[in-house]
2 protein chains.
Amino acid sequence: MALEHAILVSLAERSGTGYELARRFDASIGNFWKASHQQIYKVLGRMEADGLVTSEVVAQDGRPDKKVYAITDAGRAELARFTTEPSAPEPLRSSFAVKLRALEHGDRDAILADVHRMRAHHTEKLAYYETSAERFYPDPDALDPADVGPYLVLRGGIIGEQTALSWCDEILERLEGRAPR
Amino acid sequence: MALEHAILVSLAERSGTGYELARRFDASIGNFWKASHQQIYKVLGRMEADGLVTSEVVAQDGRPDKKVYAITDAGRAELARFTTEPSAPEPLRSSFAVKLRALEHGDRDAILADVHRMRAHHTEKLAYYETSAERFYPDPDALDPADVGPYLVLRGGIIGEQTALSWCDEILERLEGRAPR
DNA sequence: AGTACATATGCAACCAGTTGCACAGCAACC
DNA sequence: GGTTGCTGTGCAACTGGTTGCATATGTACT
């Protein structure tokens, strides 16, 4: 149930509506834990029933009312408890790896096209992460203590994307018999 | 529904029982797509109803009967079709990243212990992959064409584990203020 | 006038996957 | 004699997550 904890982290940074959380998930935490707005609303409802968050309805003109959620003390305690839990080894699921294993049973050209598509995707993501790093943490040796966690997570994203890119290049080199690009 | 395709790949390599598939998943494909035996039996049942696989009951003495599954022509066609499908960008889910982001809201020592645990886990996995690589592909420049896909998948596993290790080291260096080990 | 997009919340139905259990027999160890 | 472990198949209940839809309003573009 890490979605619950991802929401708690996000609300600990600052309060917000379900809609806002969904967008934050698109941008930052969502790089490491995806969630749709439907699911966020559902989980927020359960979390409120469990006392981990509270909500306050705010009227707006020209726009629908919104429900601003805030973390409670119980929520903060649950978040702290969560950090003491050992992480289960992440079950890595890659349908692309399955496809690559099927190379001899499938369409080689289509798989190559897929690698090129993935390569472009990872290039874009890497650029996005690197821009974020420069913008938010221009001097990594002088980080605000509150930024250390988020910074290290971003670093994980960067080296992960670099590795994904290297893998694409290695595949292309071998399957196209030349250096990529 | 990539589990279906992972099973088809495995059965295309050779026929086997649900039980055997579950073990193969533990060892090879399972490094990139986990599945429990319960789920494999469930999916095999559906796949047989869909005509992608056939089964034959084999009696054994001293052991329970077993059902040996084999891929059909329809199964092979579906596998080929699958390879022409563009892969969706894998939604990466890391509860550890969520935990790391919660560094300032939780228990720093427990998180550090968790990093050490993960580091040990990735070290072990990397060693396992490297052993497999040496054993099955001692000469990567002279691969059997049928081995190219599986080899590249294994390479992905190796560089993924190396990256995970680097990330652990970077985290430890920053949080413990020294080089790891 | 019609379309699309952003804000904002939420239900219902479905699908994938996990957890826990049941049954069955043989082999090995203590 | 009892426990553990391997082979082998499978059901039932549950949880987490996806897909599709519904509703409401304002702005901007065509």
>> Within the 4.0 Å heavy-atom criterion, would you say A/K67 contacts the bases, only the backbone, or no part of the nucleic acid?
In response: sugar-phosphate
>> Need one value for B/Q38: base, sugar-phosphate or nothing, where a base atom within 4.0 Å counts as base even if backbone is also close, heavy atoms only.
In response: base
> Is the B/Y151 ring parallel, tilted or perpendicular to the B/Y137 ring (thresholds 30°, 60°)?
Replying inline: perpendicular
> Taking the side chain as C-beta and beyond, is there a heavy-atom pair between A/T83 and B/H105 under 4.5 Å?
Replying inline: no
> In this structure, which one of B/L172, B/I171, B/D114 forms a side chain to side chain contact (heavy atoms under 4.5 Å, CB included) with B/R119?
Replying inline: B/L172
> 5' to 3' on DNA chain C, which nucleotides open and close the contacts with chain A (atom under 4.0 Å from a heavy atom)?
Replying inline: C/dA6 to C/dT18
> For residues 122-136 of chain A, which residue pairs qualify under salt bridge (Lys or Arg N to Asp or Glu O under 4.0 Å), counting only residues two or more places apart or in two chains?
Replying inline: none
> Nearest nucleotide by nearest heavy atom, which residue falls closer to the 5' end of DNA chain D, B/Y41 or A/A2?
Replying inline: B/Y41
>> Please check if the number of heavy atoms outside A/D144 that lie under 6.0 Å from its CG is greater than 12.
In response: yes
> Run the salt bridge (charged side-chain N to carboxylate O under 4.0 Å, His left out) check on A/R81 and A/E85 step by step: do they pass?
Replying inline: CA-CA 7 Å; A/R81 192 206 56 76; A/E85 227 176 44; 3.1 Å; yes
> Hey, are A/E78 and A/H5 close enough side-chain-wise for a donor-acceptor pair under 3.5 Å?
Replying inline: yes
>> Checking A/M47 against A/L8 for the side chain to side chain contact (heavy atoms under 4.5 Å, CB included) test, could you report, in this order, the C-alpha distance in whole Å, the side-chain angles of both residues, the deciding distance, and whether it holds?
In response: CA-CA 9 Å; A/M47 288 168 76; A/L8 286 175; 3.6 Å; yes
> Taking any atom under 4.0 angstrom from a heavy atom of chain B, which nucleotides of DNA chain D are the first and last to qualify, 5' to 3'?
Replying inline: D/dC6 to D/dT18
>> Need to verify one output field. Residue with the more 5' nearest nucleotide on DNA chain D, B/G18 or A/H37?
In response: B/G18
